[in-house]
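Nothing fancy with the numbering, it's 1 onward along the sequence. Computed from a predicted model, the values in this text were never measured in an experiment. Atoms within a ligand are numbered from 1 in the order they appear, just like the ligands themselves.
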Amino acid sequence: MKKDLLSIQDLGSQEIFEIINLAEDIKADRVKYQEALKGKSIGLIFQKPSNRTRVSFEIGMFQMGGNSIYLGSSEIGMGGRESVKDVACVLSRYLDGIVARTYKHEVLEELAKYASVPIINGLSDMDHPCQALSDMFTIEEKFGTFERVTVSYIGDGNNVLNSLMCLTAKLGVNMRVATPKGYGPDKDIVKTAKSFAAKSGSTIDISNDPKRAAKGADVLYTDVWISMGQEKEAARRVRAFKNFQLNDRLAKLAKNTHVVMHCLPAHRGQEITNSVMDSRHSIVYDQAENRMHVQKAILLKLLK
Ligand code: CP
Ligand code: NVA
């Protein structure tokens, strides 16, 4: 039976560790996998712009001997020119898998319902599972373990946080979150993440206090204040988030050994200062690189 990756909730802990371990092997020996997906093709249905997700999936497929085709919104017009169902059914006849970046998460669910090939979420308004998996891979790479690592996320309660919170909870990693009032993570996702945390024995601390989140943290993580599709709310959001900037003052509260993470694209000078983004603690480019290694592992697991 085909398996989709729409959110972290689709993966068991065992599968998560398998993906992380496989990514490690792929990163160490790219040549070993150069024909691993020979003859396979994926489509990239993107309703929003992308740098990392698009390029890392396309090059990842290429490096494993497979092929990818980019389908921007003006091309196939999913949901406009043609129904989501028809797109799913037709593309399933050509492709071995589909990576989709949508506004509404429900569109992904509809794609997954009708497609006979795996659907991989390349970001929706609710989730960004490939990002979270790469982020935790990067954290393990940097710290050599997940044990006693505290991840602190300061900023918007958005798609990136939703996936990260569920994944840290599944992996038993403690998480602290600080968002402005009214911009916290989705309540149902918090409930789900807390149930994962209860099982793994980790904690999730959600507050409106960035200092509380940053104090003694191993990982300081932030993302944009204005996600794709929220452009009309920009002015209001900039006002609401002004005390949640990841700057030197906040970074000083973290451990000396802390790392700084951002899924990118970053709005330098807004959610993160140049000094933090370019500091010796910043691992944002390793984080971006690892998208490719981890997604190769995801493709290998789902397309086989
Ligand atoms: N982090 C991330 O998904 O980047 P892109 O939007 O550039 O793909
Ligand atoms: N939260 C951001 C992530 C971009 C990778 C957005 O949805 O635009």
Side-chain angles (χ1 to χ4, degrees), residues 5-8 23 42-61 68 70-73 98-108 120-139 151 153-167 177-180 183-186 189 219 221-234 236-238 240-241 244-246 259-268 270-272 277 282-296 298-299:
L5 175 56
L6 304 191
S7 65
I8 292 300
I42 58 165
L44 282 85
I45 305 178
F46 275 40
Q47 297 186 324
K48 300 176 189 173
S50 168
N51 171 2
R52 281 144 292 273
T53 309
R54 175 183 177 177
V55 178
S56 56
F57 266 112
E58 287 200 25
I59 299 304
M61 271 309 273
S68 58
Y70 180 75
L71 301 160
S73 52
I98 294 170
V99 180
R101 170 168 285 198
T102 61
Y103 284 95
K104 291 201 169 84
H105 192 78
E106 294 75 38
V107 172
L108 280 179
I120 299 171
N121 182 355
L123 182 145
S124 67
D125 57 354
M126 285 305 281
D127 285 290
H128 200 1
C130 297
Q131 181 71 54
L133 287 161
S134 315
D135 293 343
M136 293 315 288
F137 171 82
T138 307
I139 286 171
V151 177
Y153 178 99
I154 294 155
D156 188 23
N158 62 17
N159 44 9
V160 167
L161 173 61
N162 287 343
S163 294
L164 190 64
M165 202 167 50
C166 287
L167 187 54
V177 176
T179 73
Y183 293 93
D186 181 90
I189 301 227
V219 178
Y221 198 122
T222 194
D223 182 19
V224 290
W225 294 342
I226 302 138
S227 283
M228 292 179 274
Q230 296 174 332
E231 290 76 10
K232 282 196 187 120
E233 301 171 33
R236 187 156 51 87
R237 283 178 164 268
V238 169
F241 283 83
F244 289 75
Q245 183 188 60
L246 188 44
V259 297
V260 170
M261 298 181 77
H262 190 310
C263 59
L264 306 180
H267 293 150
R268 286 168 174 262
Q270 201 167 71
E271 77 274 3
I272 189 165
M277 180 100 168
S282 173
I283 56 167
V284 298
Y285 303 127
D286 292 333
Q287 192 185 350
E289 178 192 326
N290 285 337
R291 291 290 303 277
M292 185 173 73
H293 307 302
V294 171
Q295 286 160 195
K296 279 171 143 180
I298 294 170
L299 288 168

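Remark: ligand 1 atoms within the under-4.0 Å shell around heavy atoms of R291 are 1 (N), 2 (C), 3 (O). Contact atoms of ligand 1 toward L264: 1 (N), 2 (C), 4 (O) (distance under 4.0 Å to a heavy atom of the residue). Residue contact check: H128 has heavy atoms under 4.0 Å from atoms 2 (C), 3 (O) of ligand 1. Of all atoms in ligand 1, numbered sequentially from 1 with element shown, those under 4.0 Å from a heavy atom of R101 are 3 (O), 5 (P), 6 (O), 8 (O). Contact atoms of ligand 2 toward N158: 1 (N) (distance under 4.0 Å to a heavy atom of the residue).
Looking at ligand 1, you won't find any N or O of R54 less than 3.5 Å from one of its N or O atoms. On a distance-only criterion, D223 and ligand 2 share at least one N/O pair closer than 3.5 Å. Residue-to-ligand polar distances keep P265 apart from ligand 1: every N/O pair is separated by 3.5 Å or more. For ligand 2, the polar-atom distance check finds no N/O of K48 at less than 3.5 Å from any of the ligand's N/O atoms. Looking at ligand 2, you'll find an N or O of S227 within less than 3.5 Å of one of its N or O atoms. The shortest N or O to N or O distance between L123 and ligand 2 is not below 3.5 Å.
Using a 4.0 Å cut-off between heavy atoms, V224 contacts ligand 2 through its side chain alone, with no backbone atom that close. No part of D156 comes within 4.0 Å of ligand 2, judged by heavy-atom distances. When heavy-atom distances to ligand 2 are checked against a 4.0 Å cut-off, T53 has no atom that comes that close, whether in backbone or side chain.
A 4.5 Å side-chain heavy-atom check between M228 and D125 finds every atom pair outside the cut-off. Residues M126 and L6 form no side-chain contact, since every pair of their non-hydrogen atoms from C-beta on lies 4.5 Å or further apart. Between E271 and D223 there is no side-chain heavy-atom pair separated by less than 4.5 Å.
E233 places no side-chain N or O within 3.5 Å of a backbone atom of Q230 that could act as its donor or acceptor partner. In terms of modelled atom types and a separation under 3.5 Å, the side chain of E231 and the main chain of G229 share a donor-acceptor contact. The closest donor-acceptor contact from the side chain of T222 to the backbone of I154 lies under 3.5 Å.
Of all protein heavy atoms, the one closest to atom 4 (O) of ligand 1 is R52 NE, 2.8 Å. At the top of the distance list for atom 7 (O) of ligand 1, counting protein heavy atoms only, stands N51 N, 2.7 Å.
Checking V99, L108, I298, D127 one by one against L5, the side chain to side chain contact (heavy atoms under 4.5 Å, CB included) holds for a single residue, I298.
No side-chain donor-acceptor contact under 3.5 Å links N290 and S134.
Both tests pass for R54 against the ring of Y70: distance under 6.0 Å to the centre and angle within 45° of the axis.
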